[in-house]
Asks: 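My structure is below; once you've seen it, I'll send some questions.
In what follows, every chain begins at residue 1, and chains take the letters A, B, ... in the order their sequences are listed.
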Amino acid sequence: MDLDQIKQILDLVREHELSEFEIEHEGLRLKVRKDANGAHVATLPAPVSAVIIPPVAAAAVPAATPVAAPGSAAEAQEAAVADMELAVVKSPIVGTFYRSPEPGAASFVEVGSTVKKGQVLCIIEAMKLMNEIDSEHDGEIVNIYVENGQPVQYGERLFAIRTR
Amino acid sequence: MDLDQIKQILDLVREHELSEFEIEHEGLRLKVRKDANGAHVATLPAPVSAVIIPPVAAAAVPAATPVAAPGSAAEAQEAAVADMELAVVKSPIVGTFYRSPEPGAASFVEVGSTVKKGQVLCIIEAMKLMNEIDSEHDGEIVNIYVENGQPVQYGERLFAIRTR
Amino acid sequence: MFKKILIANRGEVALRVIFACRELGIKTVAVYSEADENSLHVRFADEDVCIGPPRSADSYLNVPAVISAAEITGADAIHPGYGFLSESAYLAEVCEACHIRFIGPDPQVIRLMGDKARARRVMRKAGVPILPGSDGPIDNEDRALKLAKDIGYPVIVKATAGGGGRGMRVVRAPAELSHAVKTAQREAEAAFGVADVYIEKYVESPRHIEFQVLGDHHGNVVHLGERECSIQRRHQKLVEESPSVALSEKVRRKMGGIVIDAAKAVQYTNAGTFEFLMDADGRFYFMEANTRLQVEHPVTEMVTGVDIVKEQIRIAAGERLSFKQSEVTFTGHSIECRINAEDPDTFVPSPGVIHVFSVPGGPGVRVETMAHSDCTISPYYDSLIAKIIVHGRDRPEAIARMRRTLEMTVVEGIKTSIPMHLRILNDPDFVAGKLSTSFMERFLKRREASGRLAEAV
Amino acid sequence: MFKKILIANRGEVALRVIFACRELGIKTVAVYSEADENSLHVRFADEDVCIGPPRSADSYLNVPAVISAAEITGADAIHPGYGFLSESAYLAEVCEACHIRFIGPDPQVIRLMGDKARARRVMRKAGVPILPGSDGPIDNEDRALKLAKDIGYPVIVKATAGGGGRGMRVVRAPAELSHAVKTAQREAEAAFGVADVYIEKYVESPRHIEFQVLGDHHGNVVHLGERECSIQRRHQKLVEESPSVALSEKVRRKMGGIVIDAAKAVQYTNAGTFEFLMDADGRFYFMEANTRLQVEHPVTEMVTGVDIVKEQIRIAAGERLSFKQSEVTFTGHSIECRINAEDPDTFVPSPGVIHVFSVPGGPGVRVETMAHSDCTISPYYDSLIAKIIVHGRDRPEAIARMRRTLEMTVVEGIKTSIPMHLRILNDPDFVAGKLSTSFMERFLKRREASGRLAEAV
């Protein structure tokens, strides 16, 4: 998603006179709220569109992911805070995902494992090379998105870590 | 999910007059809210775009034409009233427009002429035939849109008549 | 050469004529109904004239409006496209009277070919094989019964003014004949204003083979080979191709010679098509001649490299044909699919707004369309939204090419016949070239039987 | 035959390869950068793999990512398209090691042709006319001066690893030579990582003529005639055509024979192009060989009817060429315009959202594009948005056809080079076929002089 697409979405929001628009799709989360209250428009000078864009993930760095669908502005703020505690580890390369150093061996991590920055989370095999993927955070593994032995694309989600 | 799909969803939201729409599907989450509060619209002079469409002309029958660009609702109403008194005579056929029965003769009507229903306004020549165009109204010619000898298309405006 | 041509048509064929005019350096005038104000043919013509309300009878079929439009814009010729006024001898006559060149055959030829019974007689005299049948309208039931017995059942009763499948009845036994004649007469009267019907031999599951001819005003006539248009539903062609797998080079030459002789016999000029039925034994029977550009002309253009519309214009301007029969070559194989705005299962028309329209390119793909993203397909006119034509080195390549082109065509907002076309292209009989005018009937029955399973798309 | 081909490219050429694969019944894998997620090549491939961020170096030029994508999808061959990794001997070698077929020549041949000085030597040995010049990199200034004197000024200094006009300097007098060599070396070092440069005779205002060859793995090589690509700006081709007006049938046969011999001498396989300069006297000088599909391959396809991409795939699968040289025929004339997203006056790139995109059809028109209404032209990649190719019975028909096609092409939202192309098509020298690689320089100067008056559109 680039700026143009965001602009187009904002145009749609205006066109359809939406008060709220929220989308989450492949690592991107976009939320738009618009105070289209006639009274405000009349009395206040600025009908400001609020656009909340989470820090866009640079290639393969952890990005915020929401844990709850916010129902109000207050909740949304809470959710945003909650978001910041989750880091998603994405695949920096294309290859095959392995959870253990060799067939039959124990997995590097499980859901619930406590991990430290620099700890190996998995291996991605690319061009016969085994690439170890390290954690960039201290925290707890709360989700593993990919099955052992499954191919992964660039940018595909691998783990969610609740950071501390 | 691409922008087109989002547009289609928003069209559906509008079509079904929804105030809220939320979907979660295969890693996508989309939420839309619309503040369609009728009370606000009714009580406050909301910034509604006023679209005034004059009654569409059935083929070749006189139609109202706006005389002023309405600047406010009040003005628009006035204009609408004014419109109703104006009839536009459109060309029922393709051909060449003549204001007089033969070259050098006096014009059938001039701006300011009083005309009666059934009175000849002009001739349109098509396929060597001279077709007389009659007035369908009693009134006063307030505008002549076409020069003598000029070609006219089907539906092209010929005269404006202030009806009585 | 003409300075300015008025195109008395709409849609893709109006654009097709604009292409030809622009390549020849001729200005164009578009005419349009109120429903077509935003059409591409209006946008790309040099001038345009609104000629009436949406209903065809009041606009595109309105001869005085078309002629007046030509007069007020100073057009020196009219190209009628196909459909609408393209086979109107009356328009051709009015054009003559108004000193506007009608781009098509002379009015007498249009009139002759429009009278199916008369055309049969003339063609038989010119040495064209015709189906045994009555030489003129049936006026007596006893004679009709005797004739049918001589010809042998089944026979077909047809309106002399006919077309499009109306006023036609197949008769398989003497007892049915009288009723069939009366029904056909009633239909003919209703559809064409003329009740006359004639009888001819009915051929079971024939192929529809037609020959394209071009004749100039200097006595030169060439043929551009045949098209096979056997894939029809209710006499509407759905898929056309050239060449036909059923014709050898020898037969093509022979039949080509026959149609050239026939065209010369009636002093045929401009573009025309001679339609034949071909029976299982390879015998040809003349059906009718169409005195206009055909919807399916691109398949012939693809295999011959001849621009038929440009040739029409040159011929109408009095030029000699720019090539001889011996210079006409046939290369590869071409197929056309007529993409209609309709439900691919029920054939119910599907007008509306096309939100997304995209057709892939690649080698050997040609698209004729007035559609584009965010255009409206009007309910007033026929449902053809695009013709997709492919060319390949041979028939299998052409089929593969058409398949991938249809698979990668995107039309969103309305339903189209593309899924049905893909199923036809995947049908074993189609792939094997086992075609006949009853193909679609069998195809649709099989499909019904299979409970609409196995969608090709 | 292959079961599944990974296409290591994007844009129109990725679609072009998908067309060929679908026609051959081969599954496809698209790879894409994050910027291309919504591209048509991703939509129409059977599978797709995101291989990296928008920057080419991290995605489309990322060999490990491409190979891994092939491995995880089980692709048995890789088509590299043009640009990106298409001339990467390294990718070809890794493919060999991974038992994935690289659709292109063997790595040794790619490497040989990539070293311009070595290629010159080998070609000369194979009997191909080359420009007089140094046989290898220049290592000594005195020897360079002596050589330049022997050849005669002007001479040109070129990077051995060169391409795209970088690392090139024309030298018109001995005093300029030393400086030119140093500058070219610096540019070559910066652009290609290799500072080596060589000297050859500089031809003033030559034509750029290139021959298309196809070679199978059974020793068969054919040529598909020439393309003239003299309309270039800063070594970027803008308009290409086939045949060249400057070649007689006799010269075509002779040069075709020479390139076939040269290709056989280096055991060339798959598709390739031998580029020549042609001087005012009709003498040919070998420039370089491109070991890949060319952007402009469609003009050759249009005049020969050969589907070059399908041939590439068949050859890579080990099949024999399906035709002999004697079966290659040349029909009519074809022209291609490369439509770029750029300002037609300043050549500044114009990425952005295309709101409306529509290209007309009609006879002899072919469009290769990844664009459609409401698509985004990304700033990350080159500015080519469409190739419009036309075919006509002769060059004047092709020019008229290209003009009307460009005039009726609608691209709204970004600027395109179409107005510039229309001006080129209307240029008297272009129409007369008076082409040379200095055409654009003169054309742009004239235009500047005329104060940007008389817009063609």
Asks: Go through the atoms of C:Lys310 and report whether side chain, backbone, both or neither lie under 4.5 Å from a heavy atom of chain D.
Replies: side chain
Asks: Quick one: CD1 on C:Ile18 to CD on D:Glu407, what's the gap to the nearest 0.5 Å?
Replies: 11.5 Å
Asks: Using non-hydrogen atoms and a 4.5 Å limit, figure out which bit of D:Thr304 sits close to chain C: side chain, backbone, both or neither.
Replies: neither
Asks: Checking heavy atoms, do the side chain of C:Val410, its backbone, both or neither come under 4.5 Å from chain D?
Replies: side chain
Asks: Nearest 0.5 Å please: distance from the CZ atom of D:Phe44 over to the CZ atom of C:Arg404.
Replies: 11.0 Å
Asks: Going by an N to O cut-off under 4.0 Å, is there a salt bridge joining C:Arg393 and D:Glu311?
Replies: yes
Asks: Using a cut-off of under 4.5 Å on heavy-atom pairs, state which of C:Ala20, C:Gly361, C:Ser373, C:Pro363 scores highest against chain D.
Replies: C:Pro363
Asks: Could you tell me which of D:Met408, D:Glu368, D:Glu301, D:Arg16 has the largest number of non-hydrogen atom pairs under 4.5 Å with chain C?
Replies: D:Met408
Asks: Check whether more than 12 heavy atoms from other residues, nucleotides or ligands sit under 6.0 Å from atom NZ of C:Lys27, and answer yes or no.
Replies: no
Asks: Nearest 0.5 Å please: distance from the CZ atom of C:Phe357 over to the NE2 atom of D:His372.
Replies: 14.0 Å
Asks: Out of C:Ala371, C:Gly362, C:Ala400, C:Pro396, return the one with the most heavy atom pairs under 4.5 angstrom to chain D.
Replies: C:Gly362
Asks: Under a 4.0 Å threshold between the charged nitrogen and the carboxylate oxygen, would C:Arg401 count as salt-bridged to D:Asp307?
Replies: yes
Asks: Of the backbone (N, CA, C, O) and the side chain (C-beta and beyond), which part of D:Pro298 lies under 4.5 Å from a heavy atom of chain C, both, or neither?
Replies: neither
Asks: Run the salt-bridge test on C:Glu23 and D:Arg403 with the 4.0 Å N-O cut-off and return the result as yes or no.
Replies: no
Asks: To the nearest 0.5 Å, what is the distance between CE (C:Met370) and OG (D:Ser358)?
Replies: 12.0 Å
